[in-house]
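Scope of the values below: all heavy atoms of this structure, side chains included, with no hydrogens, waters or symmetry mates. Here is the naming used below: chain letters follow the sequence lines, and residue numbers restart at 1 for every chain.
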Number of protein chains: 2
Amino acid sequence: MRLLIYKFLAEKKVAVTLSDTENAFVKADRTTLYRTIKTFVENDIVHQIDDGTGTIKYALCEVGCSCDIKTDLHLHFYCSNCNETVCLTDHKIPQINVPEGFISENVNLVVKGICNKCSSM
Amino acid sequence: MRLLIYKFLAEKKVAVTLSDTENAFVKADRTTLYRTIKTFVENDIVHQIDDGTGTIKYALCEVGCSCDIKTDLHLHFYCSNCNETVCLTDHKIPQINVPEGFISENVNLVVKGICNKCSSM
DNA sequence: TATGTAAATGCACTTCCTTTGCATTATTTT
DNA sequence: AAAATAATGCAAAGGAAGTGCATTTACATA
């Protein structure tokens with residue numbers, strides 16, 4: 001099961017929701033998928049993305065990704081046309097300055113707009 | 001009613017959820033608050049913040065804010081200790097480069113960590 | 001091979017939040 | 001004052017995340 005889900009995520013180029021996975025695996029129960037992905041997340045195999053749509057999306061981490069805040073934070077692009085979220089893994093998040101007293105532990109950067117596929121149509 | 005809600009938002013220094021507002025106005029109905037805030041959002045009086053907690057938060061726009069992508073996008077800081085989200089209006093979001101073909105319309109940047117209040121305790 | 005233990009699965013249910021439909025009440029306009 | 005428009009409240013729907021428990025499957029070891 002886990003292998004199947006892993007494969008599914010690997011084939012998808014975009015981040016998927018739990019429902020997406022559910023639709024892909026009609027036979028399996030929602031809970032199984034939920035917990036499997038949760039296991040993946042806990043083991044840094046996939047990362048969660050909150051793209052502002054209200055539903056969490058998941059995507060495989062890059063090869064060699066350690067989910068480390070300093071090196072592995074890339075930005076995500078949410079297309080408001082096709083509703084897909086892609087990982088722009090080559091685009092690391094720039095250094096963000098926070099005021100005195102604030103300690104930053106994590107950064108989430110989502111760019112919303114039209115993706116390359118939709119803009120070329 | 002709208003004036004009251006506006007005042008409430010103005011007094012709050014942090015972004016609030018719908019529930020927060022609900023607790024502040026026990027007499028008013030949830031729907032009224034919801035719709036009022038929605039109206040505010042549509043008229044660029046407040047902006048929505050998705051800080052990754054799963055519940056949308058709202059905060060007044062700055063004076064003179066036109067919710068314009070080029071000038072008014074500031075970053076938000078979510079404190080994982082006190083669960084509060086503050087607008088760092090002085091910290092504009094840096095220029096984000098997206099690949100060829102992508103058209104960016106909006107940028108959402110949330111830094112997660114410990115806020116100044118909590119770090120000094 | 002039998003069997004005991006741990007992990008994985010499925011079902012049902014709960015909870016939380018957002019959103020909408022509809023009837024009622026208030027407010028404005030003519 | 002009557003008509004039109006807007007605002008409110010109640011109820012309920014809808015979506016999604018998460019949990020408890022029982023059952024099944026897999027695995028290791030005696």
Is [Y] close to [X] at the side-chain level, that is, under 4.5 Å between some pair of heavy atoms?
X	Y	result
B/His91	B/Phe77	no
B/Asp51	B/His76	no
B/Ile114	B/Ser80	yes
A/Leu60	A/Ile45	yes
A/Asn83	A/Tyr78	yes
B/Thr36	B/Tyr6	no
A/Ile96	B/Pro94	yes

Applying a 4.0 Å non-hydrogen cut-off, can you work out what A/Ser19 is touching in the nucleic acid: base, sugar-phosphate, or nothing?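 It contacts sugar-phosphate atoms only.
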
B/Lys112 atom NZ, over 12 foreign heavy atoms within 6.0 Å: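 No.
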
For B/Gly113, is there any backbone N or O sitting under 3.5 Å from a side-chain donor or acceptor partner on A/Ser104?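 No, A/Ser104 side chain to B/Gly113 backbone: no donor-acceptor pair under 3.5 Å.
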
Contact list please: residues 3-14 of chain B against DNA chain D, heavy atoms, distance less than 4.0 Å, in numerical order.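 Heavy-atom contacts with DNA chain D come from no residue of residues 3-14 of chain B; none.
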
Name every residue in residues 27-37 of chain A that has at least one heavy atom under 4.0 Å from any atom of DNA chain D, in order of residue number, or write none if there are no such residues.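 Output list: A/Arg30, A/Thr31, A/Tyr34, A/Arg35.
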
Ring pair (Phe, Tyr, Trp, His ring centres under 6.0 Å) contacts in which one or both residues fall within residues 12-42 of chain B, not counting sequence neighbours: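 Applying ring pair (Phe, Tyr, Trp, His ring centres under 6.0 Å) to every pair that reaches into residues 12-42 of chain B, excluding sequence neighbours, yields B/Phe8-B/Phe25.
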
Mind listing the side-chain donor-acceptor pairs of residues 9-21 of chain A below 3.5 Å, one per line with the distance, residues two or more places apart or on another chain?
residue, atom, partner, partner atom, Å
A/Thr17, OG1, A/Ser19, N, 3.3
A/Thr17, OG1, A/Asp20, N, 3.1
A/Thr17, OG1, A/Asp20, OD1, 3.4
A/Thr17, OG1, A/Asp20, OD2, 3.2
A/Asp20, OD2, A/Thr17, N, 2.9
A/Thr21, OG1, A/Thr17, O, 3.0

Contact interval (first through last nucleotide) of DNA chain C with protein chain A, 4.0 Å heavy-atom: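 That gives a stretch of C/dA8 to C/dA12.
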
First and last nucleotide of DNA chain D, 5' to 3', lying under 4.0 Å from heavy atoms of chain B: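 First-to-last contact on DNA chain D, by the 4.0 Å heavy-atom rule, is D/dA7 to D/dA11.
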
With rounding to the nearest 0.5 angstrom, report the CD1 to NE2 distance, B/Ile56 to B/His47.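 B/Ile56 atom CD1 to B/His47 atom NE2 measures 13.0 Å (nearest 0.5 Å).
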
